[in-house]
Amino acid sequence: MKLDLRPLLRGEVSRMPVSFTFSFDDIDGVTINGDVKVFGEIVDNAGYMRMTLEISFNYTGECARCLDPVNGHFSTEFERTVVDEGTLTEEQLENNVDEYAVISNGFLDVDEQLAEEILYDFPRRLLCSEDCPGLCPKCGKKLGEGECGCEKHEPDPRWAVLREYSEKLKEEENN
Ligand SMILES: [Zn+2]
Ligand SMILES: [Zn+2]
């Protein structure tokens, strides 16, 4: 979306509402249901322009442990200082890529930055629930649906150390 900021640059308004939607399907293994919604404003405070947006959408993904579908709502804040082209040097912009959005010919194209923000903020791993027990590593059965009957996996080596320690204590008590 190219936002027309000319009224803001001409000083006709000091605040511009922003509201638009776009389609996006670049998150691996995740389907975005409907469009991505972008909502917020750009405020000009005596030449200092600040853009504050909220990005939100509904999605369907997959639990990283049990592979069940996971439906959720995602939203994240997106804030940038808006500068007209030529205001900052190439170097200043490169050193602060996450800080600025640059106006070109009176328009601000935010698509690329919004896409980057989504990919950066979206959770790497989705879970159907915080304590999803996942699948049995032997037979592949969903452990959330009950025991599968397979032999229990190797005990955690950290417990083995604790057990040794407590046995040693007991021996010392007996001596
Ligand atoms: Zn799960
Ligand atoms: Zn099993």
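Each ligand, and each atom within it, is numbered from 1 in the order the structure gives. We're numbering straight along the sequence, starting at 1.
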| task | Determine whether the side chains of T81 and Y48 contain a donor N or O and an acceptor N or O closer than 3.5 Å. | result | yes
| request: Could you grab the angle centred on the Zn ion (ligand 1), going from SG in C63 to SG in C66, to 10°? | output: 110°
| message | If I take the Zn ion (ligand 2) as the centre, what angle separates the SG atom of C136 from the SG atom of C150? Nearest 10 degrees is fine. | response | 110°
| said: Quick check: closest heavy atoms across Y100 and Q113, and the distance to 0.1 Å? | reply: O-NE2, 2.9 Å
| SG (C128) to the Zn ion (ligand 1) to SG (C132): angle, nearest 10 degrees? | 100°
| Counting distance only, does the side-chain N/O of E54 pair as donor-acceptor with the main-chain N or O of K37 below 3.5 Å? | no
| note | SG (C139) to the Zn ion (ligand 2) to SG (C148), nearest 10°, is 110°
| task | Determine the interplanar angle of the F74 and F57 rings, folded into 0 to 90°, and report it as parallel if under 30°, tilted if 30 to 60°, perpendicular if over 60°. | result | tilted
